[in-house]
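In what follows, a structure is listed as structure tokens, so that the remarks can point back to it.
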2 protein chains.
Amino acid sequence: MAPSTPPGGTPARRRPPGMTDVARLAGVSQKTVSRVVNGEPYVSERVREKVLRAARELGYRPNTAARALITGRFGRIGVVALGTALYGPASLQVAIERATRAAGLSVIVANTLEGQPDSVGDAVEWLLRQGVDAIILSEPIDEGVELRTDPDVPLYSVGRSVPQAENLLQGDFNTDGFREAVEHLLDLGHERVWHVAGPASWFAARERAAGWRAAHEARGIEPPEPLEGDWTPASGYEAGRRLLREPGVTAVACANDDMALGLIRACTEAGVPVPERVSVTGFDDIPAAAYLTPPLTTVRQQFETDAVLSLGLLLRRLSGAPDGAPEPSRPSPDPHRLVVRRSTAPPPHRLDEEPGKDDR
Amino acid sequence: MAPSTPPGGTPARRRPPGMTDVARLAGVSQKTVSRVVNGEPYVSERVREKVLRAARELGYRPNTAARALITGRFGRIGVVALGTALYGPASLQVAIERATRAAGLSVIVANTLEGQPDSVGDAVEWLLRQGVDAIILSEPIDEGVELRTDPDVPLYSVGRSVPQAENLLQGDFNTDGFREAVEHLLDLGHERVWHVAGPASWFAARERAAGWRAAHEARGIEPPEPLEGDWTPASGYEAGRRLLREPGVTAVACANDDMALGLIRACTEAGVPVPERVSVTGFDDIPAAAYLTPPLTTVRQQFETDAVLSLGLLLRRLSGAPDGAPEPSRPSPDPHRLVVRRSTAPPPHRLDEEPGKDDR
DNA sequence: CTGCCGTCTGACTACGTTGTCAACGTGAAA
DNA sequence: TTTCACGTTGACAACGTAGTCAGACGGCAG
């Protein structure tokens, strides 16, 4: 009995069908197949259908490598990200991928290593070697980056300004949003607001701290010394234990929700009720924020929408649309919103008074 | 003296340097450059250095498209993921990218859309069109998937069995881990344990529910009717409100930490103390779990380590290592661990004394 | 009829790389 | 001396696609 597979044992990795194979089956030239596949004009309906039928029959898939080789474009953008599973960055990354794929391009990600500044440059270099049409720095850290880039590959950043990169975001969402949270606390009657910041190497942390400072300065108040955490609940907890030892702390604005949550835990453990004796705010509005004890007053960022809008522009350009094409306007409505829940209240000594201050 | 830049002023998008340019500068053949770049043997040290110097001077970067075209391999793996910012999936994705890049391959991600089963097939098809050497289904949903795949592109899955895909994970971490949590509750004296499950379309949800059921069956107990959430704190909160209306509920095992957190919130709002009157467990051990009020008893999964180990095998194979190479053993130590915190306690009627230590 | 234009199609080539194979120079073995 | 093996190098073809250009065909105006 003869085996159906040829002798020798080697599976003989068959070559996947190409345009030439489709052309042969359809009885046309390879170039015509190329035209059909790319939706070029000047192909009769009869031929187009014949080609499509042949392509389907063979299970034809265009070879992106060959296409990239000849066009010089890869149909791919690279994203440099800090590989954390943090809620904010992760959401942004998903949004970027969705928008990119919708535009017919693909995303290739390179994660960096926190605390190792070279790794941003390494990631960029890696992406350039892989072949990308553009690079997006979704990396939230910007200390001492000195990027060697390729003049043919544009570099974009999300939410910070790097010398070589164009920022995809219009304004500074962190500062204004955080300032709003701090003003909310000041409006409630707190004399000063303490601050648990994120790592100074993150531009988002610096911008939020700036918002905190600005809120004080606008009222001529000297802000207290800020504490620095690392975004984790654990660091918020530690900050809380330190703040509880200081006198007069009635309000703490944390740079993100996770740290706020840890800080609240420290208060609860110490028997200090939130918000009755200490008010706490976060930033991000993570899904859990509304279900903490107490529900957390925080700020919802909407920069994703804005980032994806700008990304759309970039993608349209990369997809081959002419530069002169009418660009849709970039509305930037409602970039952030203060969500007042139950972790904030007037300070203890004001409880019997009416907060008859300006009501905004 | 002739100007170094030619007249005309046009930037004329210069072609990036190729091996031919390097070869010309180094005074060798293009093929020799190829040998140097790929580290092939039989190149004299003198020539190798000459080539490397020329490459550096020109800023040469190998063209992956041309290489892929001729070798038929892309140096890329595709990952199909459900685009949520959930802690577990996001961590896994980062781990996959790190391991892959370390092996010299790159990752291209395609996110699907929950509640749209075709989108898994679409994502696979999309990745095949982009050109990948292998596909990893990190997608947690598996309802009615009917995948058309390419025989040349192996398909792998993380943590579930799909007919066409090889599972990168050894065992079933969800069932055993969850069972452990439920047994912890039963050991504390609870007669039955309620369950807030994840969406039935997620295999992880089904496996955890199976663990819950198994724990009951092993003791000959009939488990109560399970509730179904959608992983969010909001759904856990809703489930909590419903359970609070039922009599006799003393212990609830939630399929993840977020839902547990929402459920605890519902109890707290209703004045039902946790764990004094109701014990609650979660699953995942998110960073916030230890800092909730009360700190959450949960199960830490360690499947990432295991998945990345198996991934290493796959990557080594794709990188060109021969099949006969000695494969490191796959140890699977400590796949999950029950972390007992303060959200679990014996049921009320087992307490000899009244719970008078309510610090709220 | 002729000339012309617009539509449609195919032959040929280039893209930058790797695989194949031949050729060269050198030193050792016959 | 010749022969051979080995290390080293280069010429050439091929991968699958898109750009360029020319040619075939039909309809319409002159």
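Chain naming here is simple, since letters A, B, ... match the order of the sequence lines and numbering starts at 1 in each. No experiment lies behind these values; they were computed from the predicted model shown.
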Could you measure the distance from the [atom1] atom of [X] to the [atom2] atom of [Y]? Nearest 0.5 Å is fine.
{"X": "B/Ser119", "Y": "B/Leu113", "atom1": "OG", "atom2": "CG", "result": "5.0 Å"}
{"X": "B/Tyr60", "Y": "B/Met19", "atom1": "OH", "atom2": "CE", "result": "3.5 Å"}
{"X": "A/Asp150", "Y": "B/Arg61", "atom1": "CG", "atom2": "CZ", "result": "4.5 Å"}

Nearest to side-chain heavy atoms of A/Asn63, which nucleotide of D/dT17, C/dT18, C/dG16 | D/dT17

Rounded to the Å, how far apart are A/Arg46 CZ and C/dT9 C1'?
-> 12 Å

To the nearest angstrom, the CE-C1' distance between A/Met19 and C/dT13 comes to 16 Å

Is any side-chain nitrogen or oxygen of A/Thr32 closer than 4.0 Å to OP1 or OP2 of C/dT9?
-> no

Output yes when at least one side-chain N/O atom of B/Arg67 is less than 4.0 Å from OP1 or OP2 of D/dC15, else no.
-> no

Checking B/Thr32 side chain against B/Val28 main chain: does a donor-acceptor pair fall under 3.5 Å?
-> no

Is a side-chain N or O of B/Arg48 found less than 3.5 angstrom from the main chain of B/Arg35, in a donor-acceptor match?
-> no

With A/Val107, which of A/Ile136, A/Val132, A/Val79 fulfils side chain to side chain contact (heavy atoms under 4.5 Å, CB included)?
-> A/Val79

Check the pair A/Glu97, A/Arg101 against salt bridge (charged side-chain N to carboxylate O under 4.0 Å, His left out), reporting the backbone distance first and the verdict last.
-> CA-CA 6 Å; A/Glu97 192 277 334; A/Arg101 178 140 76 101; 3.3 Å; yes

Between the protein and nucleotides 22-25 of chain D, which nitrogen or oxygen pairs are less than 3.5 angstrom apart?
none

So which protein N/O to nucleotides 6-8 of chain D N/O distances come out below 3.5 Å?
{"residue": "D/dG7", "atom": "OP2", "partner": "B/Tyr42", "partner atom": "OH", "Å": "3.2"}

Is it true that A/Arg129 and A/Glu125 have a side-chain N and a carboxylate O under 4.0 angstrom from each other?
-> yes

N/O contacts under 3.5 Å, protein versus nucleotides 19-27 of chain C?
{"residue": "C/dG19", "atom": "N7", "partner": "B/Lys31", "partner atom": "NZ", "Å": "2.8"}

